[in-house]
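First up is the structure itself, then whatever we jot down about it.
The figures here come from the full heavy-atom set of this structure, side chains too, leaving out hydrogens, waters and symmetry mates.
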Amino acid sequence: MMSVTTKRENDNVKRIIKNGLQALHQDILQADDVKTVREALGEPLVLFLNCPPSVSQYYPSSDLSCSKYFSSLSLQDHTRAGAVFVDSFLSQHLQFLLKQVGANWLPTFNHDERVDLFDSYFLERSGEDRVKRALLTKFQSLADVLTWKDSNVIIKTVLRLLSAFLQEHDVLDFYGTLNEVASFEEWKSYVRTLVSLPDKVANALTGKQPAFFHPESFVESIGRDIENAIRVMNGAVGEQTAVPWMVHLIDTLVRLGHAPTLAETWIRCLTQRRPVPPMWQGIWRNLGTIESERLALSIIVRLPTAVGTIEDATAFFLEWIGTDTISSIVYLRHLFLRKLPYDAVLSLETLAVVVDIMASFREPSGLSLKTNMVPLLQTWTDTTFLKYASHEQHKHLTYFILLALRYLSDDDLADAALQNIFLSGMRVYLESSDNRVRKLGLVTAECIGNRASGGSVALNFEIDEDADVKTMRALANPKEDLDLVLSTRTVPTMSHISAGGPVTESQTKPAPVTAEVEEDSDDEDLTPYDLQENETPAKAKAIQPVYMKQLLDSLKAADDADRLELALQAGGAIVRRATVEDAQEVGLELCSRALYLQNNFEFANFDQQRTDLVVSLVARVPIELSRYLIDEFYREKSNLKTRLDILNFLTLSALRLSGLEPSPEKPVIAELNGRREKQKQLGTAESQSRLDEAQRIISERLKAKTTYKRAGMAKSAQARTSINSFGPVAAYFLFPLLGKASTTAIFSSANSSQTSQLLSRLVVTAGSIVHCAGNSPDSRKLAREYFNFIWSLRFLDAPGTDRLRHALLFGISVVLNCLPSTLLASEFGTDSLGGQSELVELHQWLIGKHLPFGLSYWRSILMREQMFWRLKQSRTTGRSQRQSLLKRGM
């Protein structure tokens with residue numbers, strides 16, 4: 001601990017430096033000549049920082065007694081003064097330099113003066129501890145200027161310094177410095193500032209963005225720094241300590257959607273500098289849940305074009321991640337066992353790499369090809385998959401099976417279980433009316449049959465050997481060179497595909513058979529049998545849908561209660577795991593069906609399931625479906641319930657895309673009440689004895705003043721971060737929603753109560769959209785558009801305006817919280833016409849100058865709205881905390 005004497009000495013040094021800096025800044029502000037500014041800038045460089053020798057020409061002496069501003073410091077305080085200056089005053093001094101000197105005096109400096117007296121504050125490096133501590137301060141000071149609304153001269157100066165600073169101090173430099181003199185929290189601050197730079201630069205500039213700060217090139221530079229840092233730290237003493245620091249940076253970049261850029265950068269760097277450092281496997285084992293999956297998928301997709309052969313690509317991938325890592329991480333196992341074989345649609349080259357990677361795992365591993373052949377064939381021969389999966393998905397799974405045949409022995413394929421599945425499932429291919437489906441099935445049957453028989457039986461269905469058939473047969477033949485097959489194959493186009501479309505209901509129904517029957521006069525007296533069935537055939541049992549098209553068919557059957565209920569139960573999950581292409585293909589029709597679906601059969605969870613389905617659809621296809629919902633909202637024939645449902649769908653979609661959607665809370669009170677009611681109903685001697693025993697144990701523990709924690713109590717949910725996918729599409733939600741409000745007649749045609757209710761919900765929905773946009777590049781434009789809309793409604797006088805005023809206060813709190821203070825003051829704090837600023841008008845309206853009922857009433861309403869908003873964003877707030885917050889808010 002710091003002694004009392006040391007603390008007193010530090011406080012004295014702080015006081016002297018504070019007074020000296022104030023005098024120094026005042027002299028610069030009042031200076032009339034450049035010489036005064038040069039001398040003032042040189043003094044802190046010489047006394048407190050590691051200045052270049054050339055600064056001595058502007059301030060020649062390092063003697064404290066000759067100092068104009070800091071002469072009160074003693075010689076014993078000189079060393080301590082440098083650390084105090086860096087820790088307490090450097091940030092303030094750098095902001096002054098950027099705002100005042102950068103704008104007023106820097107243009108008058110020549111090149112040498114600018115480098116020595118201005119750039120040295122930011123770019124000079126040294127091994128001294130106090131300069132190491134200044135590294136993060138300099139970086140954050142430069143980044144903070146980008147949020148100021150200042151002249152282009154300052155912005156260009158800052159961009160020049162930032163570019164040079166980041167090229168001088170890479171990720172390894174920051175890690176070494178912060179790990180030595182700071183903590184992990186400072187590293188998090190560095191990561192937040194680093195990854196936000198491209199967006200800050202884009203918001204600060206009105207013209208073309210510098211190439212260095214373009215998102216792709218900037219992330220590529222960070223990726224190279226990370227790869228170099230891992231290579232340097234691999235095998236070092238502090239390797240295990242460095243892993244969580246690097247993982248945090250990688251997780252943040254992947255969550256922001258930069259996995260493709262990172263994968264491309266690292267593949268290029270690691271293939272040029274083999275072998276791959278083993279430290280990478282430790283990083284993979286510590287990556288986040290979704291991050292490891294996204295990053296691995298981005299790498300796999302790019303491997304075929306980046307690495308020479310399929311075998312080399314597999315060896316590189318396994319060297320990078322490791323077979324033990326893939327087997328131990330649940331999300332990577334799920335990627336190989338579910339997403340890549342069944343859900344994704346990959347290129348043939350990428351698919352060959354995936355199968356080759358899985359072939360490296362042997363039984364009894366769950367990732368081995370032999371273990372997975374049974375579920376692969378079960379899905380491939382499933383009638384539901386055959387009918388509702390897209391042709392691209394069907395082709396993808398067929399190629400996966402054919403590639404797997406290369407790595408399986410004849411004995412593996414002769415297994416009885418595989419043969420039973422295959423032979424029983426081939427019937428659906430032989431009976432298919434789609435030429436493309438039948439061709440996939442017949443070629444696969446030839447390949448499996450020939451391999452299972454050991455070559456003794458040669459199956460040949462006499463299929464025309466076009467380019468597709470030739471490629472499929474070559475994929476399954478282990479004697480063919482796979483790399484040669486992939487390089488010489490003809491990529492099919494639409495003209496190469498047979499003209500058979502998807503199977504429709506009309507195609508599956510047999511055509512009526514008509515034949516001419518020769519009449520026989522001898523049979524005229526015979527009475528025909530009554531062949532008409534007396535009983536109606538039993539109704540087929542409804543099956544839960546699995547694919548998007550199957551889900552659409554089930555929703556169309558609105559008169560079939562069983563099919564409709566199963567469709568609603570599985571609808572949201574089907575949409576979430578479907579590909580974007582499938583969602584775009586049938587999403588609009590599905591959304592329309594779900595929007596106007598009525599609960600004619602009184603399903604218990606109809607509203608929740610329908611909402612989940614629509615929200616999941618909008619989250620997968622946000623631009624197209626948000627446009628459709630907004631058009632339906634303003635359609636004249638839409639009723640009030642439909643409009644309110646649409647606003648609810650838009651709000652929940654924004655929350656889901658932004659990652660702010662609250663998780664459903666467990667009904668603890670209802671569960672406990674149910675248990676008590678059940679206990680009352682038991683009424684047996686056994687239950688009474690158990691109750692007495694429990695009361696006895698509780699009383700003994702109370703006497704002993706002990707506490708008991710139930711083992712069944714669930715742990716509080718851990719906070720989890722997710723990528724904000726709503727920022728890029730927020731404008732497609734907000735601008736049409738507010739832009740059509742002034743041109744439509746729905747607010748004037750409805751009665752006053754409906755008008756107030758619709759406007760209130762519209763204000764809240766638009767505010768939720770602005771809030772969910774977060775720190776997106778469009779957040780300033782969104783806040784301005786939203787503020788203009790709600791500001792025009794503040795004097796609306798109609799029945800039910802209390803509800804509207806509550807919504808307006810909620811909207812104002814959103815605007816005040818969604819922008820940083822500097823942007824808020826810049827956007828709303830000035831008025832170009834010389835009148836009052838919007839913030840002043842807003843303040844007057846809030847304090848009651850234009851507001852009925854007085855200040856205290858509306859202040860309590862505003863506080864309550866803010867409390868409710870905070871509670872909506874909380875995922876772990878308990879019942880007692882919720883009640884206490886509400887009491888404080890009221």
Looking only at side chains, do [X] and [Y] share a donor and an acceptor under 3.5 Å apart?
| X | Y | value |
| --- | --- | --- |
| Asp468 | Thr471 | no |
| Asp582 | Thr579 | yes |
| Ser592 | Tyr628 | yes |

Taking NZ, NE, NH1 and NH2 as the nitrogens, is one of them in [X] or [Y] under 4.0 Å from a carboxylate oxygen of the other?
| X | Y | result |
| --- | --- | --- |
| Arg268 | Glu220 | yes |
| Arg338 | Asp343 | yes |
| Arg406 | Asp356 | no |
| Arg438 | Glu431 | no |
| Glu480 | Arg473 | no |

Exercise. Can you list the steps and then say if Gln281 with Ile321 is a side-chain contact (heavy atoms from CB on, under 4.5 Å)?
Worked result: CA-CA 5 Å; Gln281 297 185 17; Ile321 300 180; 6.0 Å; no
Problem set entry | Working for side-chain contact (heavy atoms from CB on, under 4.5 Å), residues Arg362 and Lys370 | CA-CA 8 Å; Arg362 304 298 180 186; Lys370 184 179 178 181; over 6 Å; no
Taking the side chain as C-beta and beyond, is there a heavy-atom pair between [X] and [Y] under 4.5 Å?
| X | Y | value |
| --- | --- | --- |
| Ile283 | Ile250 | yes |
| Ile310 | Val355 | no |
| Leu566 | Ile543 | no |
| Cys269 | Arg224 | yes |
| Met233 | Met246 | yes |
| Leu348 | Leu403 | yes |
| His391 | Arg436 | yes |
| Pro622 | Leu657 | yes |

For the pair [X] (side chain) and [Y] (backbone), establish whether a donor and an acceptor sit closer than 3.5 Å, ignoring hydrogens and angles.
| X | Y | answer |
| --- | --- | --- |
| Ser328 | Asp324 | yes |
| Thr271 | Ile267 | yes |
| Asn234 | Met279 | yes |
| Ser292 | Gly288 | yes |
| Gln550 | Val546 | yes |
| Trp266 | Gly223 | yes |
| Asp560 | Ser554 | no |

Problem set entry | Val307 vs Phe317, side-chain contact (heavy atoms from CB on, under 4.5 Å): CA-CA, chis, key distance, verdict | CA-CA 10 Å; Val307 185; Phe317 184 80; over 6 Å; no
Return the set of residues passing side-chain hydrogen bond (donor to acceptor under 3.5 Å, both in side chains) with [X] (not counting sequence neighbours), or none when no residue passes.
| X | result |
| --- | --- |
| Arg610 | Asp645 |
| Thr309 | Asp312 |
| Arg576 | Asp612, Ser616 |

Just verifying a value: how many Å separate [X] [atom1] and [Y] [atom2], rounded to the nearest 0.5 Å?
| X | Y | atom1 | atom2 | answer |
| --- | --- | --- | --- | --- |
| Leu402 | Thr444 | CG | OG1 | 4.5 Å |
| Ile357 | Leu367 | CD1 | CG | 10.5 Å |
| Leu551 | Arg593 | CG | CZ | 11.5 Å |
| Leu262 | Ile299 | CG | CD1 | 9.0 Å |
| Met373 | Ile421 | CE | CD1 | 9.5 Å |
| Met426 | Ile448 | CE | CD1 | 8.5 Å |

Ignoring hydrogens, what is the shortest heavy-atom contact between [X] and [Y]? Give both atom names and the distance.
| X | Y | value |
| --- | --- | --- |
| Ser365 | Ser368 | O-OG, 3.0 Å |
| Pro478 | Ala476 | CD-O, 3.3 Å |
| Leu270 | Arg274 | O-CD, 3.2 Å |
| Leu555 | Ala567 | CD2-CB, 4.2 Å |
| Leu253 | Ile226 | CD1-CD1, 4.0 Å |
| Tyr331 | Glu293 | O-OE1, 3.8 Å |

For this session: Determine, stepwise, if the pair Lys439 / Asp466 fulfils side-chain contact (heavy atoms from CB on, under 4.5 Å).
Result: CA-CA 11 Å; Lys439 182 171 69 172; Asp466 57 10; 3.2 Å; yes
For this session: Answer with yes or no after comparing the ring centroid distance for His396 and Phe385 against a 6.0 Å cut-off, counting only values under it.
Result: no
More than 12 heavy atoms of other groups within 6.0 Å of [X] [atom1]:
| X | atom1 | answer |
| --- | --- | --- |
| Lys556 | NZ | yes |
| Gln584 | CD | yes |
| Gln378 | CD | yes |

Exercise. Under the ring-ring contact (aromatic ring centres under 6.0 Å, His included) criterion, do Tyr429 and His394 qualify, and how do the steps go?
Worked result: CA-CA 12 Å; Tyr429 284 90; His394 194 181; 5.6 Å; yes
For this session: Start with the C-alpha distance between Trp380 and Tyr342, add both sets of side-chain angles, then the distance that settles ring-ring contact (aromatic ring centres under 6.0 Å, His included), and finish with yes or no.
Result: CA-CA 10 Å; Trp380 186 74; Tyr342 302 103; over 10 Å; no
